[in-house]
Amino acid sequence: MASYTITYFPIRGRCSSLRIMLSDQGQEWKEVVVSIDEWKKGDLKKSCLFGQLPKFQDGDLVLFQTNSFLRHLGRKHGGYGKNGNEAAMIDMFTDGVEELRNKYVKMIYQEYETGKDAYIKDLPNHLSIFEGVLEKSKSGFLVGDSISFADYSLLDVLLNHKVLCPTCLDSFPALKGFVQRVSSRPKIKAYLDSDAYKKLPINGNGKQ
Ligand code: GTB
């Protein structure tokens with residue numbers, strides 16, 4: 001039986017890295033899909049701690065804020081480094097990915113028509129940071145010698161950017177290799193090849 005429940009809109013959105021992580025860890029989960037019409041009624045919004053989805057439940061534990069879900073799974077099933085210093089680095093990279101994600105989300109939802117070109121032009125300034133880190137990594141992961149939730153988050157953001165701009169990784173061989181390698185991990189590949197992933201739109205407004 002699934003021990004986790006994700007309550008969210010019918011999109012990949014902010015839940016993709018979580019779903020990729022659950023898949024790679026061999027965990028099952030249940031989806032509670034909330035339509036925009038249902039959300040607009042307001043009752044569910046009022047019940048959410050920060051007035052937003054996704055919500056993540058692990059038995060009696062109810063969490064909001066997507067990165068707290070990743071940290072929780074990291075503590076329970078691995079993927080949070082092998083010591084405190086690695087955990088700190090994983091937090092740092094996850095926050096770095098979050099900054100890029102927030103810029104992407106702002107462009108998609110508020111400035112797609114007016115800001116997409118400028119966003120893509122500025123993208124190498126962000127990607128080069130992660131390129132530099134992965135170039136130096138012996139394991140091919142952001143931190144230490146094994147995969148962490150920072151890697152799942154980076155993979156998700158890069159996959160979305162490849163849809164936005166298919167050539168955006170062409171000058172970043174380390175990032176290109178990272179996407180290829182991590183996407184090919186058997187359980188991640190199975191999830192990315194599934195309808196559960198492919199049939200969900202990336203964003204809630206049809207832009208990508
Ligand atoms: N920091 C939070 C986290 O990481 O969980 C951010 C959560 C968040 O932005 N939630 C958005 C939300 O609940 C959905 S993701 N929005 C509704 C509200 O605030 O009332 C982005 C999103 C935006 C819009 C749509 N849409 O129009 O369909 C779908 C998803």
Side-chain angles (χ1 to χ4, degrees), residues 4-25 27 29-77 79-80 87-88 90-116 119 123 126 130 142 148-164 191 195-208:
Y4 299 113
T5 304
I6 296 172
T7 304
Y8 195 42
F9 303 110
I11 60 172
R12 294 183 203 161
R14 292 204 171 256
C15 281
S16 242
S17 27
L18 170 67
R19 292 172 178 134
I20 289 170
M21 182 168 187
L22 284 165
S23 302
D24 201 36
Q25 293 184 329
Q27 300 299 317
W29 71 94
K30 185 179 145 202
E31 296 273 355
V32 175
V33 182
V34 178
S35 69
I36 287 295
D37 287 345
E38 180 60 31
W39 182 251
K40 280 183 181 156
K41 289 181 192 159
D43 290 344
L44 178 58
K45 184 175 174 76
K46 270 188 224 143
S47 77
C48 296
L49 188 61
F50 299 99
Q52 291 193 312
L53 293 176
K55 170 163 91 171
F56 186 61
Q57 287 162 275
D58 175 4
D60 292 337
L61 177 70
V62 180
L63 293 174
F64 296 91
Q65 299 295 344
T66 35
N67 289 334
S68 78
F69 314 161
L70 304 184
R71 292 188 174 96
H72 179 60
L73 291 176
R75 284 185 205 101
K76 270 184 85 165
H77 304 296
Y80 207 162
I90 290 163
D91 285 341
M92 176 184 75
F93 285 121
T94 303
D95 288 351
V97 174
E98 184 68 18
E99 268 190 16
L100 180 56
R101 184 188 298 282
N102 286 337
K103 286 194 169 96
Y104 168 84
V105 166
K106 184 167 180 247
M107 181 276 295
I108 290 283
Y109 286 102
Q110 297 171 27
E111 305 167 346
Y112 191 82
E113 279 74 19
T114 54
K116 180 182 163 185
Y119 180 88
L123 195 50
H126 298 282
F130 296 102
L142 286 169
S148 73
F149 59 79
D151 296 300
Y152 300 123
S153 199
L154 180 62
L155 173 66
D156 168 43
V157 159
L158 293 176
L159 289 174
N160 292 347
H161 281 82
K162 275 183 66 184
V163 175
L164 176 76
Y191 174 64
D195 283 352
Y197 178 79
K198 284 195 295 193
K199 291 216 164 143
L200 276 188
I202 299 177
N203 300 301
N205 61 354
K207 307 270 167 49
Q208 59 178 31

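Note that ligands are numbered from 1 as they come in the structure, with each ligand's atoms numbered from 1 the same way. It should be emphasised that the depicted structure is a prediction, and the values quoted were computed from it without experimental measurement. All residue numbers refer to positions in the sequence shown, counting from 1. Computed from heavy atoms alone, side chains included, the values below leave out hydrogens, waters and symmetry copies.
- Tested against D156, the residues R101, R19, R12 include a single side chain to side chain donor-acceptor pair (under 3.5 Å) partner, R101.
- At least one heavy atom of Y8 sits less than 4.0 Å from an atom of ligand 1.
- If you number the atoms of ligand 1 from 1 as listed, the ones under 4.0 Å from a heavy atom of W39 come out as 17 (C), 18 (C), 20 (O).
- Nearest protein heavy-atom contact of atom 5 (O) of ligand 1 is T66 N, 3.2 Å.
- The aromatic rings of H161 and Y119 sit parallel to each other, their planes meeting at less than 30°, with 60° as the upper class boundary.
- Taking the charged nitrogens against the carboxylate oxygens, K207 and E113 do have a contact shorter than 4.0 Å, which makes a salt bridge.
- Contact annotation: for I36 versus ligand 1, heavy atoms closer than 4.0 Å belong to the side chain alone.
- Close approach of ligand 1 to I11 is summarised as follows: ligand atoms under 4.0 Å from at least one heavy atom of the residue are 29 (C), 30 (C).
- Looking at every heavy atom in both residues, G204 comes nearest to Y109 through N-OH, 2.7 Å.
- Annotation: K76, atom NZ; neighbour count of heavy atoms from other residues, nucleotides and ligands within 6.0 Å is above 12.
- Protein heavy atom nearest atom 19 (O) of ligand 1, with residue, atom name and distance: Q52 NE2, 3.0 Å.
- In terms of protein heavy atoms, atom 1 (N) of ligand 1 is closest to Q65 OE1, 2.7 Å.
- Nearest protein neighbour of atom 29 (C) of ligand 1, counting heavy atoms only, is Y109 OH, 3.6 Å.
- Residue-to-ligand polar distances place K45 within reach of ligand 1: an N/O pair is separated by less than 3.5 Å.
- The nearest protein atom to atom 10 (N) of ligand 1, hydrogens excluded, is given as L53 O, 2.7 Å; this is a heavy-atom distance.
- A heavy-atom separation below 4.0 Å is found between P54 and ligand 1.
- Heavy-atom separations between N205 and ligand 1 are all 4.0 Å or longer.
- Close contacts of ligand 1 with F9, meaning ligand atoms under 4.0 Å from a residue heavy atom, involve 12 (C), 13 (O), 14 (C).
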